[in-house]
Chemist: 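Okay, here's the structure, questions in a sec.
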Amino acid sequence: MTTRFDTGMTVRREVLGDTHVDRAEAAKTPLDTPFQTLITESAWGTLWASDGISRRERSMLTLALLAACGNFEEIPMHIRACARTGASKEDVMETFQHVAIYAGVPKANHAIKLAKQTWAEMEQN
């Protein structure tokens with residue numbers, strides 16, 4: 001029987017890649033294990049596992065929400081995930097234009113800066 005945690009780990013690996021997930025799992029401690037379980041089951045095992053919308057659309061929504069809320073630290077990780085979810089650079093730029101109008105130009109501007117830096121890093125590797 002597959003649990004939400006198992007499903008979450010599968011989806012998390014499909015979206016973020018084994019290298020990222022292995023690094024996160026290696027950094028896990030007894031103190032933050034309950035939190036890691038929570039996000040694996042809820043974010044990855046429920047939300048991202050749903051077939052209600054495509055992973056491309058989820059990437060775009062996630063990036064918009066991260067930028068709009070000022071949660072910039074996770075934007076590079078989700079820019080990298082776009083290579084696996086099918087969200088193109090053009091999709092991301094359209095997403096951040098929405099952020100500019102509905103949440104503010106400074107937030108969109110910073111998100112675009114992070115996206116461009118991340119794409120440059122990805123092209124070098």
Chemist: I'd like to know if Glu123 pairs up with Lys89 as an ion pair, taking the criterion as any Lys NZ or Arg NE/NH1/NH2 lying under 4.0 Å from an Asp or Glu carboxylate oxygen.
Modeler: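 Yes, this pair counts.
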Chemist: If I compare all heavy atoms of Met1 with all of Asp6, which pair ends up nearest, and what's the gap?
Modeler: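 Looking at all heavy atoms of both residues, the closest pair is O-OD2, 4.2 Å.
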Chemist: Is the number of heavy atoms from other residues, nucleotides or ligands under 6.0 Å of Lys28 NZ greater than 12?
Modeler: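 Enclosed.
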Chemist: Between Thr7 (side chain only) and Ala49 (backbone N and O only), is there a donor and an acceptor less than 3.5 Å apart?
Modeler: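 Not at all, since once roles are kept as given, no pair shorter than 3.5 Å links the two residues.
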Chemist: State whether the number of non-hydrogen atoms from other residues, nucleotides or ligands found under 6.0 Å of Ile101 atom CD1 is greater than 12.
Modeler: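 Atom CD1 in Ile101 is not crowded, with 12 or fewer foreign heavy atoms closer than 6.0 Å.
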Chemist: Tell me whether Asn125 contacts the main-chain N or O of Glu121 through its side chain, where contact means a donor paired with an acceptor under 3.5 Å.
Modeler: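 Indeed, once roles are kept as given, a pair shorter than 3.5 Å links the two residues.
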Chemist: Would you say Leu114 and Ile79 make side-chain contact, with heavy atoms under 4.5 Å?
Modeler: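 Heavy-atom side-chain distance check fails, nothing below 4.5 Å.
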Chemist: Heavy atoms only: give me the nearest Cys82-Ala87 pair and the separation to one decimal.
Modeler: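 Of all heavy-atom pairs spanning Cys82 and Ala87, the closest is CB-O, 3.3 Å.
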Chemist: For Ser50, is there any backbone N or O sitting under 3.5 Å from a side-chain donor or acceptor partner on Arg58?
Modeler: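 Indeed, once roles are kept as given, a pair shorter than 3.5 Å links the two residues.
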Chemist: May I ask you to test the Arg84-Glu14 pair for a side-chain heavy-atom distance under 4.5 Å?
Modeler: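 No, side chains not in contact.
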Chemist: Scan for ring-ring contact (aromatic ring centres under 6.0 Å, His included) pairs involving residues 58-96, sequence neighbours excluded, and state none if there are none.
Modeler: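 Counting only pairs at least two positions apart or across chains, the ring-ring contact (aromatic ring centres under 6.0 Å, His included) contacts touching residues 58-96 are Phe72-His110.
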Chemist: Report yes if the side chains of Glu41 and Thr46 come closer than 4.5 Å at any heavy-atom pair, otherwise no.
Modeler: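 Sidechains of Thr46 and Glu41: no contact.
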Chemist: Taking Leu66 as the starting point, is it possible to reach Met93 by hopping between hydrophobic residues whose side chains are less than 4.5 Å apart?
Modeler: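 Yes, one cluster joins them.
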Chemist: With a 6.0 Å cut-off (strictly less than), is the heavy-atom count around NE2 of His98, excluding the residue itself, greater than 12?
Modeler: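 Not more than 12 within 6.0 Å, no.
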Chemist: Tell me, do Trp44 and Thr10 make a side-chain contact under 4.5 Å, heavy atoms counted?
Modeler: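 Side chain of Trp44 against side chain of Thr10, heavy atoms only: no contact under 4.5 Å found.
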Chemist: If the condition is side chain to side chain contact (heavy atoms under 4.5 Å, CB included), which residues does Ala68 pass it with, not counting sequence neighbours?
Modeler: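 So Ala68 forms a side chain to side chain contact (heavy atoms under 4.5 Å, CB included) with Ala103.
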Chemist: Taking the side chain as every heavy atom from C-beta outward, state whether Val15 and Arg55 have any atom pair closer than 4.5 Å.
Modeler: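 Counting from C-beta outward, Val15 and Arg55 do come under 4.5 Å.
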Chemist: Quick check: is Val99 connected to Leu63 through a chain of hydrophobic side chains (ILVMFWY, heavy atoms under 4.5 Å apart)?
Modeler: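 Per the 4.5 Å side-chain linkage, Leu63 and Val99 are co-clustered.
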Chemist: For the atom pair CD1 (Ile112) and CD (Gln117), what is the distance rounded to the nearest 0.5 Å?
Modeler: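 Going from the CD1 atom of Ile112 to the CD atom of Gln117 covers 12.5 Å.
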Chemist: How long is the span from the CD1 atom in Ile75 to the CZ atom in Arg80, to the nearest 0.5 Å?
Modeler: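 Answer rounded to 0.5 Å: 12.0 Å.
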Chemist: So which heavy atom on Met122 is nearest to which on Ala83, and how close?
Modeler: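 The pair with the smallest heavy-atom distance is CE-CB, 4.2 Å.
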Chemist: Taking Asp91 for its side chain and Ser88 for its backbone only, find out whether a donor-acceptor pair lies under 3.5 Å.
Modeler: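 Yes.
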Chemist: Is Arg12 paired with Glu25 through a side-chain N to carboxylate O contact shorter than 4.0 Å?
Modeler: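 Result for this pair is yes, salt bridge flagged.
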Chemist: Nearest heavy-atom pair of Thr85 and Trp48: which atoms, and what distance?
Modeler: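 Taking every non-hydrogen atom into account, CG2-CZ3, 4.1 Å.
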Chemist: Under a 4.5 Å side-chain heavy-atom rule over Ile, Leu, Val, Met, Phe, Trp and Tyr, are Leu65 and Met60 clustered together?
Modeler: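 Per the 4.5 Å side-chain linkage, Leu65 and Met60 are not co-clustered.
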Chemist: Roughly how far, to the nearest 0.5 Å, is NZ of Lys107 from CG of Asn109?
Modeler: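 These two atoms lie 13.5 Å from each other.
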Chemist: Taking all non-hydrogen atoms of both residues into account, name the closest pair between Ala81 and Leu16 and its distance.
Modeler: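 The answer is CB-CD2, 4.0 Å.
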